[in-house]
Structure formats: C-alpha cells, structure tokens
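To start, the structure itself, in structure tokens.
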Amino acid sequence: MARSRRYWLMKSEPDVFSIDDLRKQKRTSWDGVRNYQARNFMRDDMQVGDMVLFYHSNAKPPGVAGIARVCKAAHPDHTALDPKSPYYDPRATRDNPIWMMVDVEFVEQFPGVVALDRLKRERALKDMLVVQRGMRLSVQPVERAHFERVAAIGKQETG
DNA sequence: GCCAACGTTGGC
DNA sequence: GCCAACGTTGGC
C-alpha cells in the first residue's frame, strides 16, 4: 500500500521561475537544486501526489505564492551535465549525475502572496522550518497541519 | 547593497 | 578529522 501523501515547501526566485510561469506552462522539472540535503529529500522522500507550497524567495515580499503537486519522482538533473547551464557541475557524469530533480505541476495560485512576515506572525506556524532564523534549505518538509493553515490563509488573501 | 547564517572546500 | 577561508543564500 502506498504511503500517505507528504507535504513540502520549495523555494524559487520569481525572477528565475515564478508561480506565474508554472501556471502558464502547467508543469516543470525542478532543476538547479545543488544542495545535498535538498536533493536527498527529493530523491528519497518525494513521491507523486505529494503537495508543495511554492515559495518565492528573494522577492518583495518573500512568501508562499501558491500550491503545486509532485507529478514525477526524482530523476537525473541533466542541467548538471551541460557546460552552458548555470547549474553545470563538472563532477557530474551520465553514470553518476549527482543531482536529481522532480517534476511538479501547477495546482493553485493564491490571490496574493502569503508573506513570510505573515507566516512569522501566526502562532500556529511558529515551528515551520521556513520561519526559522537562518533557514535557507530550498526543499523542506512541511507538516500537514502547517500546509493546511498556509493554504487557508492563501485562499483568503486578497493580494 | 549589506551581511548573518550556513554549506563546502581544502590544507594540514 | 579539524577548522579557517571562501562562496552562497536570502532576508532586510
């Protein structure tokens, strides 16, 4: 029997790839992750059907912009093999790609971004990783209750 | 643009 | 294996 659905938060700089981009193109390969802990979450723990909070980092304001869903489990991130890619890693080979990515599909864009600021003011979210000081992991597990809370706030944000 | 916090690298 | 130096992330 399949394990139950898990919940995640994934960061993207909207100047590079935003929730608008995901909405328009419906799905994407989450390439460019170059951190082992983040990779391991994708490779070992993410499964098709898992839900994702799409977080805009380096944005004004930073925050959760919408929801996505994992639609393909981890597979090699070929951008590591491409010398022209900003994500090129000379250590990567076809036999040992080192870096992995999952594919995600668009689910929902909130009317307005749920700002990090707002998340920090929610008592119920005080243990969420993303609100912890110095937390820069770009792929994070999220508790279901936290996911539901952020989604509820997002649906009522007017922007 | 600043810089604190964090992750990685490499000399020893 | 330690840890200083360096590079990156990402909020502010």
Side-chain angles (χ1 to χ4, degrees), chain A residues 6-25 28-46 50-68 70 74-104 106-143 146-147 149-154 156-159:
Chain A
R6 287 181 188 163
Y7 299 87
W8 305 94
L9 179 146
M10 298 176 85
K11 297 180 184 175
S12 182
E13 300 192 16
D15 290 348
V16 179
F17 190 84
S18 70
I19 190 84
D20 299 282
D21 297 320
L22 183 63
R23 189 188 69 245
K24 288 172 195 159
Q25 72 185 57
T28 192
S29 291
W30 203 272
D31 61 14
V33 172
R34 294 296 178 267
N35 169 281
Y36 288 104
Q37 201 179 350
R39 180 204 64 182
N40 294 349
F41 279 132
M42 291 196 293
R43 186 189 61 189
D44 304 335
D45 299 320
M46 274 193 187
D50 285 2
M51 302 301 287
V52 176
L53 295 174
F54 193 116
Y55 183 89
H56 281 176
S57 60
N58 263 319
K60 293 180 196 170
V64 178
I67 296 172
V70 177
H75 53 108
D77 181 348
H78 52 78
T79 63
L81 298 169
D82 177 4
K84 294 191 188 65
S85 169
Y87 305 127
Y88 178 60
D89 184 341
R91 299 169 303 164
T93 64
R94 204 159 285 283
D95 285 344
N96 180 24
I98 305 180
W99 303 111
M100 309 285 281
M101 59 189 178
V102 296
D103 290 6
V104 304
F106 178 80
V107 172
E108 175 181 356
Q109 179 170 15
F110 297 148
V113 169
V114 181
L116 177 59
D117 204 57
R118 174 74 198 277
L119 300 179
K120 285 181 172 171
R121 283 188 279 112
E122 287 279 321
R123 297 276 324 247
L125 301 178
K126 68 178 176 52
D127 294 325
M128 257 189 104
L129 288 176
V130 75
V131 306
Q132 308 307 313
R133 171 188 177 78
M135 170 47 65
R136 42 185 243 194
L137 189 60
S138 65
V139 177
Q140 306 175 5
V142 171
E143 288 177 25
H146 292 161
F147 181 96
R149 185 78 196 105
V150 174
I153 296 169
Q156 71 195 21
E157 285 288 311
T158 57

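Reminder, nothing fancy here: chain letters follow the sequence lines and each chain counts from 1. Model, not experiment: these values are computed from the prediction. All heavy atoms count here, side chains included; hydrogens, waters and symmetry mates do not.
Here the CD1 atom belonging to A/I98 is positioned 4.5 Å from the CG atom belonging to A/D89, to the nearest 0.5 angstrom.
Using a 4.0 Å cutoff to heavy atoms of chain A, the contacted part of DNA chain C runs 5' to 3' from C/dG7 to C/dC12.
A/M128 is listed as a side-chain neighbour of A/V142, based on a closest heavy-atom distance under 4.5 Å.
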Salt bridge (charged side-chain N to carboxylate O under 4.0 Å, His left out) evaluation trace for A/R6 with A/D45: CA-CA 9 Å; A/R6 287 181 188 163; A/D45 299 320; 3.7 Å; yes
Quick one, A/K120 with A/D117, criterion salt bridge (charged side-chain N to carboxylate O under 4.0 Å, His left out). Give me CA distance, side-chain angles, the key distance, then yes/no. CA-CA 5 Å; A/K120 285 181 172 171; A/D117 204 57; over 6 Å; no
Please list, one pair per line, the donor and acceptor atoms closer than 3.5 Å that link side chains of residues 53-65 of chain A to other protein atoms, with sequence neighbours excluded.
from, atom 1, to, atom 2, distance (Å)
A/H56, NE2, A/I19, N, 3.1
A/N58, ND2, A/E13, OE2, 3.1

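Near DNA chain C, meaning a heavy atom under 4.0 Å away, there are no residues from residues 83-98 of chain A.
Using a 4.0 Å heavy-atom criterion, one finds that A/K120 contacts the sugar-phosphate atoms exclusively.
Taking the nucleotide of DNA chain B with the nearest heavy atom to each of A/N58 and A/G134, the more 5' of the two is matched to A/N58.
In summary, the side chains of A/T79 and A/D82 do not present any donor paired with an acceptor at a separation below 3.5 Å, with no hydrogens or angles considered.
Heavy atoms from other residues, nucleotides or ligands lying under 6.0 Å from CD of A/E143 number 12 at most.
Aromatic ring orientation, A/W99 versus A/Y36: tilted (interplanar angle from 30° to 60°).
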